[in-house]
There are 2 protein chains.
Amino acid sequence: MMSDDKEKKRFGIKDIAKLANVSIGTVDRVLNNRKDVSGATRKKVKDIIKEYNYQPNLYARSLSVKNNIKISVIIPKTSLQTGYWQLCLDGISKGIQELEPFGIQTEVFLYDQEDVHTFLEVSEKTIKSHFNAVVIAPIFIEETEAFVKKCHRKKLQTIYINSDIPTKSTLGYIGPDLNSTGRLAGNLTSYLVGTNAKILILNIAKGLENYKYLDTKIEGYRTYLNNLNKNFRIEVVDIPYNEYTEVEKELWTSIRKSTPDVLFVTNSRVSVVGRFFHDHQEIKKPYIIGFDFLEANVDYLSKGIVDFLICQRPDKQGYFALNYLYRFFLLKENVTNFKPMPIDIITIENYMFYEN
Amino acid sequence: MMSDDKEKKRFGIKDIAKLANVSIGTVDRVLNNRKDVSGATRKKVKDIIKEYNYQPNLYARSLSVKNNIKISVIIPKTSLQTGYWQLCLDGISKGIQELEPFGIQTEVFLYDQEDVHTFLEVSEKTIKSHFNAVVIAPIFIEETEAFVKKCHRKKLQTIYINSDIPTKSTLGYIGPDLNSTGRLAGNLTSYLVGTNAKILILNIAKGLENYKYLDTKIEGYRTYLNNLNKNFRIEVVDIPYNEYTEVEKELWTSIRKSTPDVLFVTNSRVSVVGRFFHDHQEIKKPYIIGFDFLEANVDYLSKGIVDFLICQRPDKQGYFALNYLYRFFLLKENVTNFKPMPIDIITIENYMFYEN
DNA sequence: TATTTTCTCGTTAACGTTACCGAACACTAT
DNA sequence: ATAGTGTTCGGTAACGTTAACGAGAAAATA
């Protein structure tokens, strides 16, 4: 009583029971909205819970409960050209590790973003097994939409990451707002050059027809710049290749032709443009803006060839998705609406502190 | 056996005990490096732990252990001029909330950053009570150094947030690298203006003599720009006031005199400069760069008056500090070295997605 | 009235870990 | 021989919560 350390006991289910003159079993029934409690006692218990602002001990809860939740994660596999999906997978792995002690089982399915059949295959597997939820990074729009509809019929929760598509998932979307992403690139561009500047937009990727979302970025970029009324001369060039030698040829002709002041690469392939100007130092380098914190991109950023990388924390997306499912299934929170992911600006002077 | 759901039981302390033919008590003694275990059984148990890659269930552990850890947090109190410390406090509160179910008790002490006596007072209180660790946001350098030395004599763990000072704390520093922060501002400046540009650096704060760390930012800024050899004309002006009317007068004279192309405000007071140009639209607005994601600053960012805000997530700093102590005391990890906090660039086009 | 059903609620094992208590044994000092 | 002192280990309560089990009373059915 006169001791220094105040025995700050947690206010728990037992204390509620004592105050309400009931057993902990009854309190538990009230807390979990189960039946077998009379209206009067239910109210009494609820009042005490509210009055003392009872907060359940989530660690105790997850210890007690035996989970049987299975989650499927469907994302593109990492290719040489895009380490992007590796980052995403890293975040997912971190999330899986944290969820494991709660008894949540997770299975990751990778598909080839250049081969729709691989996607159909893994989605079929997911449907056939007994999953409770599925995290999807959509590439093939129609096929994904058909898939989520099947999921909903089977009472399988769905959640998108990385890019959104028209058919809504049950748990929403975690990722950047693509239009704003484009606008931000436009915003940066407007600081770099003045009236009449020549701007070249580059779409670089094999199978460009599958990358509709790139158009959303471009639209944001163009509308932002056009609204400034600075008579920018904007051109779009598609380079539907992955191999450097093929891309180089295309770059050579289009850059020679238009001698742009700013180069805007609409996806994570900006490193090949970096390499181009690194190999051809005789050409005056324009300002270069691109996407994603990949090793190759950061390399050319650190060399001073790429000026800005716009990044969207792919690892956080994967991690958040799993964290969200954890909260949905175990904590029974229902956070239905997400804020879009932050859009980060990385330059030669802050890249070394990015991500932790 | 032929059922679909694979009963993926966790591999726990009991399983180790069974395999080693000992009791769980013995396994626990080995795991926690306590005595009363013979060399032979200790080795046997350790081998099994390694072989099966046993990972303890941290939630069960924290349920079982009765903690008696008390943490003191010493930060400046929020003033009207800087909502900055409120953000920091928000992160700390979030951390406290998460730590509470583990039985960690936290007490926050606020001091007046314009009155050294208030700092001495709260530091004295911390020394007198029985804390295990103290989180400090240093402002008064000498006094803080004397304080941490006292702490170390009393075996009290220390950790700095927000700015580092020469006398090392036992658990390191969580915050941005100030020199790099200045360099980043220089980097952005270099994209905005060309040769011979006029640049005005503004230090705005009452009691400027207490803000030595601002010089570190300025040094980073200057060296970056000077290395470009673009003959920038850089000037520094101190405005040792907090009240807008006083600051306005000073701004009026110095801006009239030098008509700068870029204004670099070295701390979070950039909103008063924003207000100045909002009130005096007759003056041509230079590019404006400032710090910190405060409501007032973001307001002028959204109006297009402030161009760049450089931010360092004060809330994350506070949160991280507590999270770190949790890991140090409860999980017994010893992460000794921190990566510096990320430095974020915020413009009119990405501020709405910042922080989550 | 006797039997069954329904509604409430208390009791208890379990989740994985920690830490205390004391048993069993070997050794030393009387 | 007895008493005392270590050393090594097993057993078990406890942490806060969940959920299965079953007891007792009231209500419905026969």
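Naming: A, B, ... by sequence-line order, numbering from 1 per chain. Only this structure's heavy atoms are used, side chains among them; waters, hydrogens and symmetry mates stay out.
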What is the distance from [atom1] of [X] to [atom2] of [N], rounded to the nearest Å?
X       : N      : atom1 : atom2 : answer
B:Leu63 : C:dT18 : CG    : C1'   : 11 Å
B:Asn57 : C:dC15 : CG    : P     : 12 Å
A:Phe11 : D:dC15 : CZ    : C1'   : 17 Å
A:Ile69 : D:dT18 : CD1   : P     : 14 Å
A:Asn33 : D:dA19 : CG    : P     : 13 Å
A:Tyr54 : D:dT17 : OH    : P     : 3 Å
A:Asp28 : D:dT17 : CG    : P     : 9 Å
A:Ile16 : D:dG16 : CD1   : P     : 12 Å

Taking OP1 and OP2 of [N], is either one under 4.0 Å from a side-chain nitrogen or oxygen of [X]?
X       : N      : result
B:Lys14 : C:dT17 : no
A:Thr26 : C:dG10 : yes
B:Tyr59 : C:dT18 : no
B:Ser23 : D:dG10 : yes
B:Asn32 : C:dT18 : yes

Counting heavy atoms not belonging to B:Lys154, are there more than 12 under 6.0 Å from its NZ?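 Counting neighbours around NZ of B:Lys154, more than 12 heavy atoms of other residues, nucleotides or ligands fall under 6.0 Å, so yes.
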Axis-to-axis angle across the helix from C:dT1-D:dA30 to C:dT30-D:dA1, five pairs an end, to 10 degrees? 60°
Considering heavy-atom distances to DNA chain D, does B:Val65 or B:Arg29 have its closest nucleotide positioned more toward the 5' end? B:Arg29
Out of [options], which one pairs with [X] under the side chain to side chain donor-acceptor pair (under 3.5 Å) rule?
X        : options                      : answer
A:Asp47  : A:Lys50, A:Lys44, A:Lys43    : A:Lys43
B:Tyr319 : B:Lys94, B:Arg313, B:Glu98   : B:Glu98
B:Ser72  : B:Thr126, B:Thr158, B:Asn132 : B:Thr126

Regarding B:Arg327 and B:Asn323, do their side chains bring together a donor and an acceptor under 3.5 Å, going by distance alone? yes
Rounded at 0.5 Å granularity, tell me how far CG in A:Leu89 sits from CD1 in A:Ile96.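 Reported value, rounded in 0.5 Å steps: 7.5 Å.
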Check every atom of C:dC15, C:dT17, C:dA19 against the side chain of B:Pro56 and return the nucleotide holding the closest atom.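 Of C:dC15, C:dT17, C:dA19, C:dT17 is nearest to the side chain of B:Pro56.
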Apply the ring pair (Phe, Tyr, Trp, His ring centres under 6.0 Å) test between A:Phe293 and each candidate in A:Tyr84, A:Tyr354, A:Phe353; give the one that qualifies. A:Tyr354
Report which part of the nucleic acid A:Gly25 touches: base, sugar-phosphate, or nothing (heavy-atom distance under 4.0 Å, all strands).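 A:Gly25: base contact, heavy atoms under 4.0 Å.
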Measuring centre to centre across the rings, with the benzene-like ring taken for any Trp, is A:Tyr59 within less than 6.0 Å of B:Tyr59? yes
Check A:Thr144 against A:Phe119 and note the closest heavy-atom contact, atom names and distance.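 Closest approach of A:Thr144 to A:Phe119: OG1-CZ, 3.6 Å.
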Residues within residues 35-43 of chain A bordering DNA chain C, heavy-atom distance below 4.0 Å: A:Asp36, A:Val37, A:Ser38, A:Thr41
Kindly state each residue pair satisfying ring pair (Phe, Tyr, Trp, His ring centres under 6.0 Å) with at least one member in residues 21-52 of chain A, sequence neighbours excluded.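 Of all non-adjacent pairs touching residues 21-52 of chain A, those that pass ring pair (Phe, Tyr, Trp, His ring centres under 6.0 Å) are A:Phe11-A:Tyr52.
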